[in-house]
Structure formats: C-alpha cells, structure tokens
Participant: 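Supplied in structure tokens, the structure appears directly below.
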Protein chains: 2
Amino acid sequence: MRLEDELKQKSFKSPHHRMIVNVMFTGNWLLKELSCQLKPLGLSSQQNNVLGILRGQYPNPATLGLIQERMMDRDSNATRLVDKLLEKGLVTRCQCSENRRKVDIIITEKGLELLKETDKIIQGLEERFKQINPDEAALIGELMDKIRDCH
Amino acid sequence: MRLEDELKQKSFKSPHHRMIVNVMFTGNWLLKELSCQLKPLGLSSQQNNVLGILRGQYPNPATLGLIQERMMDRDSNATRLVDKLLEKGLVTRCQCSENRRKVDIIITEKGLELLKETDKIIQGLEERFKQINPDEAALIGELMDKIRDCH
DNA sequence: CCTATATAGTTGTATATACAACTTATGTTT
DNA sequence: AAACATAAGTTGTATATACAACTATATAGG
C-alpha cells in the first residue's frame, strides 16, 4: 500500500518529506513484523540482536561495552537486556578476571540453538520480500547508508 | 557511515538481509534525529504526529478513531497521547453531541503555533539531506512502498 | 421492548525505554 | 602512596509502549 493510503494523507510537501516519513514508517513496520514473529520464541528484537552479537564473538566472551556499540539501538540498557537472557539461560555472565570492572558474557548452547530458530524467521522474512530483486535490495541498502551520511 | 561500520559487522548474509537491517536501523536513526530536535519544544514525535493530523482536520474536530488510523505508529495509545496534549493546552476535547461515544478533538491556536515551529524542524531535516537529490528521494519513497507491498 | 452485538474510548498492568546518578575498579599525577 | 580522573557497569526513576480488560453508548433482531 502506498504511504498516502496507509496514513490516509493526500500528499507530502516534497519528495524529501515523503522519503523521511516513509523510511521511519517502513523501518517501524519491519521491526514490528520481526518482533511479532520473535514473540512466540519469547525474544524481543533487541534480545535477538544481542544474542546475534554474542554468537559473532563465540566462543570468546563479549563485554557489555562491546555489545552496546554493536546494537541496533544503542540507547537501550544492555545490562538489563543481558539480565533477561540470563534468566532464560541463553547466556552466562561472569566478572572478567583481568579487568574486574568488565563482565564477560558468553552465549550458551541453548542460546545458539534458539538462534537457529530466529535465523529461520529472518530467512522467512527475506523470502517474503521476493518482489524486491537482489539488485534493488542492494540499492536500498546503499541509499539508506547515503541518508545517514549527512553530517 | 556504512551499516557494517555502524554495527561493527563484517558483512551480511545477502542483499535482502542487509536491506532489512538497514531500513530498520535508518528508520530508527531518523526517528531519533527528529525526536531529539522536538524535545526542546516539549513534544514527542508521536505527539507531533497527532498534532499534524489534527491540523489536517482543522477547523473540524477529529475523533480518537480517526487519529488512530492515521498515526505513524498505530499501536500507541491515542487516549493518553491526547491527554498529554490537553495538559499542554495544545488541543481541546469534548464529547460529541450526536454520538456520545465519540470525543471531538480540535487543535488550539497554541497548537497551531507550535506546529509552525515543528514545521521548521522538519524543513531543517529535509535540508540536511541535500546529498540526496529529489529524484533519489522519490525513488527511496517508492522502494519503501514496495517493501511493504509483500502481502 | 429486551437482549445481543458492535462501536468508541478508557483504564490497568506488565514490560520496555531514556537518561541520569551512583558504584567499583583502574590509571595517572604529583 | 594519596588524590584525582576515567572507565565499565548497575541502579533508580519517570515516561512510554503493548495488550488486554473494562465501560458506556448505539444499533439490530426476535
């Protein structure tokens, strides 16, 4: 559906205005599609994001700082996200012996297993977008980079 | 900055995967840019969104239902958003006499004045994206529509 | 009419988010 | 080595969000 129909709005002031609103709207739309599919697994999109980062480090530990700088949404509270994952047994956490200010966080076997499920969800999402061909997908990616490159 | 550098990640599994992550990331990034500029005016982006919808109806009233179906984020609680705007004197609210289940919400003069300020902010944002030319902006808009058009 | 159903908002609650203040540990000066 | 500064996490709190349950009004059927 066109953005104008989604928002029941006749038009936008300029192509740039329409672009800004549409990227925010579509980003949020995508996030909700994803969240809603992750929910049955008991994961929020942010928790899934953290798990993915931990898998990237596996079998090495990650610190909260490392997690934070790689998260999609930097402002959220990594400590409490990790708390949640800990409760579910998806990660382990212990004080780093070399630098006791740091905490070492490692994804567990159970966490890795769960990620296999979420991988399938992401893959399902990708397949849902087959009306977008790979060239277009790449183009969209480049254009997004370009939007953020405005200083 | 490229998405890979933002997230300190080497690569993505496919152009589609990169697209999905990049649209979510960039949408959120845009939202924060906007929110952070609206904050000095004491408005959240959602409150600004509602005010804009009310201006679209002005001088006619809008009901909560109408607001809800036009909001960028439909799941948020329109009642409480309007409460906030009411506290700030930016809207009036009264029971609709023809159908007493409905409430008529109208933007006040003060609300209209404030929107002039937020218009400037949006315009400022648009100008920040001058590295994107109007054709590209239009293209991005169309591609966003296409992403959501996947049934 | 009286009951059932649908509509329009409101309220409650659990969770999440944003931001600032606070600990604790390490590094740096003098 | 004491004092100060910085770094890495944690905690507190106010606000926001998501979802479900609830209230009040209106419409429709028997």
Participant: Tell me the ring pair (Phe, Tyr, Trp, His ring centres under 6.0 Å) pairs involving residues 16-36 of chain B, sequence neighbours left out?
Facilitator: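 Sorted pair list: B:Phe12-B:His17.
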Participant: So what is the end-to-end bend of the helix from C:dC1-D:dG30 to C:dT30-D:dA1, with 5 pairs used at each end and the value given to 10 degrees?
Facilitator: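 The angle separating the two end axes equals 0°.
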Participant: Could you state the CG-P distance from B:Asp73 to D:dT15, rounded to the nearest angstrom?
Facilitator: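 Checked: the CG to P distance equals 20 Å.
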Participant: Apply salt bridge (charged side-chain N to carboxylate O under 4.0 Å, His left out) to A:Asp83 and list each qualifying residue two or more places apart in sequence or on a separate chain.
Facilitator: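 Here the qualifying residues are A:Arg93.
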Participant: Under the salt bridge (charged side-chain N to carboxylate O under 4.0 Å, His left out) rule, collect the residues that match up with B:Lys120, sequence neighbours excluded.
Facilitator: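 B:Lys120 satisfies salt bridge (charged side-chain N to carboxylate O under 4.0 Å, His left out) with B:Glu117 once adjacent residues are dropped.
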Participant: Give me the atom names and distance for the closest heavy-atom approach of A:Leu85 to A:Gln47.
Facilitator: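 Looking at all heavy atoms of both residues, the shortest contact is CD2-CB, 3.8 Å.
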Participant: Let's see if you can work this out: which of D:dT10, C:dT10, C:dA18 has an atom nearest to the side-chain heavy atoms of B:Lys39?
Facilitator: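 Nearest to the side chain of B:Lys39 among the choices is C:dA18.
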Participant: If you only use heavy atoms from C-beta on, which nucleotide in D:dG9, C:dA16, C:dG9 is closest to the side chain of A:Lys84?
Facilitator: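 Nucleotide nearest to A:Lys84's side chain: C:dA16.
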Participant: What distance separates A:Cys150 SG from B:Leu125 CG, expressed to the nearest 0.5 Å?
Facilitator: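 The SG atom of A:Cys150 sits 8.5 Å away from the CG atom of B:Leu125.
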Participant: Applying salt bridge (charged side-chain N to carboxylate O under 4.0 Å, His left out), can you list everything that pairs with A:Asp149, at least two apart in sequence or on another chain?
Facilitator: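 Listed in chain order: nothing, the list is empty.
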Participant: Quick check: on DNA chain C, is the nucleotide nearest A:Gln46 upstream (toward 5') of the one nearest B:Val103, or the reverse? Name the residue that is more 5'.
Facilitator: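 Nearest-nucleotide comparison on DNA chain C picks B:Val103.
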Participant: In whole angstrom, give the distance that lies between atom CG of B:Leu81 and atom P of D:dT17.
Facilitator: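 Value for this atom pair: 7 Å.
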Participant: Once you round it to whole Å, what is the distance between P of C:dA16 and CG of A:Asn49?
Facilitator: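 Going from A:Asn49 (CG) to C:dA16 (P), I get 15 Å.
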Participant: With the side chain counted from C-beta on, respond yes when B:Ile107 and B:Leu115 share a heavy-atom pair under 4.5 Å apart, and no when they do not.
Facilitator: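 Yes, close enough: below the 4.5 Å cut-off.
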Participant: Who are the salt bridge (charged side-chain N to carboxylate O under 4.0 Å, His left out) partners of B:Arg128, not counting sequence neighbours?
Facilitator: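 Partners of B:Arg128 under the salt bridge (charged side-chain N to carboxylate O under 4.0 Å, His left out) test: B:Glu33.
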Participant: Quick check on contacts: within residues 50-70 of chain A, what sits under 4.0 Å from DNA chain C by heavy-atom distance?
Facilitator: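 Heavy-atom cutoff 4.0 Å gives no residues at all.
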Participant: Between protein and nucleotides 20-29 of chain C, what N or O pairs are separated by less than 3.5 Å?
Facilitator:
from: C:dT26; atom 1: OP1; to: A:Arg100; atom 2: N; distance (Å): 3.1

Participant: Would the distance check show the side chain of A:Lys88 and the main-chain N or O of A:Gly42 forming a donor-acceptor pair, the cut-off being under 3.5 Å?
Facilitator: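 Present.
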Participant: In a table with atom names and distances, give each donor-acceptor pair under 3.5 Å that connects a side chain of residues 134-142 of chain B to protein atoms at least two apart or in another chain.
Facilitator:
from: B:Glu136; atom 1: OE1; to: A:Lys146; atom 2: NZ; distance (Å): 3.3
from: B:Glu136; atom 1: OE1; to: B:Asn133; atom 2: N; distance (Å): 3.1
from: B:Glu136; atom 1: OE2; to: A:Lys146; atom 2: NZ; distance (Å): 2.9

Participant: Rounded to whole Å, how long is the line connecting atom CZ of B:Arg93 with atom C1' of C:dA8?
Facilitator: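 Answer to the nearest Å: 13 Å.
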Participant: So, B:Asp5 and B:Lys8, do they make that salt bridge, N to O below 4.0 Å?
Facilitator: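 Salt bridge absent between B:Asp5 and B:Lys8.
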Participant: B:Lys102 NZ to D:dT23 C1': how many Å, rounded?
Facilitator: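 Between C1' of D:dT23 and NZ of B:Lys102: 18 Å.
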Participant: For residues 57-67 of chain A, run the donor-acceptor check on the side chains, cut-off 3.5 Å, and write out each pair with its distance to 0.1 Å, sequence neighbours left out.
Facilitator:
from: A:Gln57; atom 1: OE1; to: A:Arg70; atom 2: NH1; distance (Å): 3.3
from: A:Thr63; atom 1: OG1; to: A:Leu66; atom 2: N; distance (Å): 3.2

Participant: Measure from CG on A:Leu43 to P on C:dA16 and round the result to the nearest Å.
Facilitator: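 Taking atom P of C:dA16 as the reference, CG of A:Leu43 is at 11 Å.
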Participant: List the atom of B:Thr26, the atom of A:Met144, and the distance in Å for their closest heavy-atom pair.
Facilitator: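 Heavy-atom minimum between the residues: OG1-CB, 3.5 Å.
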Participant: Where along residues 23-32 of chain B does a heavy atom come under 4.0 Å from DNA chain D, residue by residue in number order?
Facilitator: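 Nothing qualifies; none.
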Participant: State which residues pass side chain to side chain donor-acceptor pair (under 3.5 Å) with B:Gln95; sequence neighbours excluded, sorted by chain then number.
Facilitator: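 Per chain and number, B:Gln95 pairs via side chain to side chain donor-acceptor pair (under 3.5 Å) with no residue.
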